[in-house]
Amino acid sequence: MTRSSIKEYLNSNPESVLVLDGGQGTELENRGIKVANPVWSTIPFVNESFWTDPASKDREIVKGMYQDFLASGAQALMTVTYQASFKSVSENTRIKTLEDYDQLLSRIVAFARECIGDDKWLVGCIGAWGAHTCSEFTGDYGAEPAKIDYLAYFRPQLSAFNANKELDMIGFETIPNFNEIKAILSWDTSVISKPFFIGLSVHDNGELRDGTSLRKIGEYIKSLGPKLNPNFTLLGVNCVSFNHSHDMVKSLHEVLPDLPLIAYPNSGEVYDTVKKVWTSKGSQTKTWDDIVKKYLDNGARIVGGCCRTSPRDIKEIRTAVDNYGKQ
Ligand SMILES: C[S+](C)CC[C@H](N)C(=O)O
Ligand SMILES: N[C@@H](CCS)C(=O)O
Ligand SMILES: [Zn+2]
């Protein structure tokens with residue numbers, strides 16, 4: 001293994017910025033995999049033929065996606081497990097037991113590692129609790145969001161990822177609700193034993209989807225002081241609107257100037273949760289060059305793309321990071 005710990009790398013190279021991959025589910029969709037289903041982009045792996053058929057088309061598609069993100073300059077790549085919680089998988093696929101679920105996740109991680117090689121960082125992707133109810137873009141977690149048992153929901157996926165040596169980091173993605181953030185940040189190293197980040201799902205107006213201000217979230221994190229899990233490595237935004245994302249990063253940097261940030265917006269299109277398709281809305285008013293510069297001016301240490309961003313976007317991000325980052 002040639003890579004170092006991603007947390008140590010970020011700490012000991014304070015000027016350097018890493019490039020993440022792009023929107024995996026939508027990229028697989030572009031390449032012919034139908035992801036509009038309850039486990040979203042994890043669907044190809046659920047089919048046993050993915051693992052047993054040497055001529056599996058889906059295998060070639062997933063491999064091709066990783067190869068193209070790598071060729072674009074990504075240094076950190078994610079597992080295709082956004083909607084692969086035990087609840088989503090066991091309620092919607094033939095995989096019903098924890099034993100079979102663990103096997104599924106370890107196969108997915110091993111496959112991703114094989115695709116990206118030993119020198120790149122691999123992030124275990126965990127979508128929001130709201131991913132399984134499709135409320136990650138509204139933050140609407142029902143009448144009593146504080147009473148949801150987030151740990152019970154996340155624990156099977158977290159335990160599998162904690163134990164997997166191929167994973168360098170865990171990424172909680174598209175988190176839209178303040179109660180969920182507080183729950184994740186209350187877990188100590190026995191629950192999250194690897195470096196992790198939290199990607200927030202933020203409305204175009206700059207508030208978390210549930211209406212909480214980013215300042216309030218920042219102040220909350222500061223108030224935790226030494227109680228904060230030392231594995232908490234980055235905070236940021238993901239799957240937020242391209243045009244507004246730099247303002248969100250700026251708000252987080254203002255309240256948490258010393259915390260490394262992560263930013264990977266979507267293309268700016270909007271997700272229709274009923275039809276499960278992306279609808280084009282408005283156009284990008286800025287270029288990746290513009291917004292990456294703004295991210296870097298505001299504490300971003302990992303930059304990439306989320307839904308509907310492609311290897312071409314990652315190439316533009318790579319160029320901008322090379323232009324503005326101090327390697
Ligand atoms: C667009 S993906 C990030 C999310 C998909 C959504 N949770 C769904 O189940 O349709
Ligand atoms: N990381 C996921 C989407 C999160 S919104 C993916 O790339 O499909
Ligand atoms: Zn996304």
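Each ligand, and each atom within it, is numbered from 1 in the order the structure gives. None of the values given here were measured: they were computed from a predicted structure.
- Applying the 4.0 Å criterion to heavy atoms of Cys307 picks out, from ligand 2, the atoms 3 (C), 5 (S).
- The residues Arg318 and Asp322 are annotated as salt-bridged, a charged nitrogen and a carboxylate oxygen being separated by less than 4.0 angstrom.
- Counting heavy atoms closer than 4.0 Å to ligand 1, residue Cys307 contributes side-chain atoms (C-beta onward) but none from N, CA, C or O.
- In this pair, Trp187 and Phe172 present their aromatic rings tilted. The plane angle is within the 30 to 60° band.
- Using a 30° and 60° split on the angle between ring planes, Tyr9 and Trp121 fall in the tilted class, from 30° to 60°.
- Within the listing of ligand 2, atoms 7 (O) sit less than 4.0 angstrom from a heavy atom of Gly23.
- Remark: distances from the non-hydrogen atoms of Gly25 to ligand 1 are all 4.0 Å or more.
- Scanning the protein for heavy atoms near atom 5 (S) of ligand 2, the closest one is Thr174 OG1, 3.3 Å.
- With ligand atoms numbered from 1 in the order given, ligand 2 contributes 5 (S) to contacts under 4.0 Å with heavy atoms of Cys239.
- Polar contact check, Gln83 against ligand 1: a nitrogen or oxygen pair lies under 3.5 Å apart.
- Those atoms of ligand 2 with a heavy atom of Gly25 less than 4.0 angstrom away are 6 (C), 7 (O), 8 (O).
- Looking at Arg308 and Glu27, no side-chain N of the basic residue comes within less than 4.0 Å of a carboxylate O on the acidic one, giving no salt bridge.
- At a threshold of 4.5 Å between side-chain heavy atoms, the hydrophobic network of Ile, Leu, Val, Met, Phe, Trp and Tyr places Trp129 and Val191 in one connected group.
- Partner Val292 forms a side-chain contact (heavy atoms from CB on, under 4.5 Å) with one of Leu296, Asp289, Asp290 and no other, that one being Leu296.
- Both the sub-6.0 Å distance and the 45° axial angle are not jointly satisfied by Lys222 relative to the ring of Tyr220.
- Every atom of ligand 2 with a heavy atom of Trp40 under 4.0 Å away is listed here by number and element: 8 (O).
- Contacts of Glu136 with ligand 1, taken as heavy-atom pairs under 4.0 Å, involve the side chain alone.
- Among the atoms of Tyr82, none of the N or O lies under 3.5 angstrom from an N or O of ligand 1.
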Begin from the C-alpha positions of Glu269 and Ser267 and carry the test side-chain hydrogen bond (donor to acceptor under 3.5 Å, both in side chains) through to its verdict. CA-CA 6 Å; Glu269 289 157 272; Ser267 62; 2.6 Å; yes

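- The number of protein N, O or S atoms lying under 2.8 Å from the Zn ion (ligand 3) is 3.
- Of the protein's non-hydrogen atoms, Cys134 SG, 3.3 Å is the one closest to atom 6 (C) of ligand 1.
- Of all atoms in ligand 1, listed by their number and element, those nearer than 4.0 Å to a heavy atom of Ala131 are 7 (N), 9 (O).
- Close contacts between ligand 2 and Cys306 involve ligand atoms 3 (C), 4 (C), 5 (S) [criterion: under 4.0 Å to a heavy atom].
- Ile95 and Tyr101 get closest at one heavy-atom pair: CG2-N, 3.6 Å.
- For atom 2 (C) of ligand 2, the nearest non-hydrogen atom from the set Glu173, Met78, Gln24 comes from Glu173.
- The pair Lys194-Asp168 fails the salt-bridge criterion, with no side-chain N (NZ, NE, NH1 or NH2) lying under 4.0 Å from an Asp/Glu carboxylate O.
- Those atoms of ligand 1 that come under 4.0 Å of a heavy atom in Lys276, given as number and element, are 8 (C), 9 (O), 10 (O).
- The aromatic rings of Phe232 and Phe196 lie tilted to each other, with the angle between the two planes from 30° to 60°.
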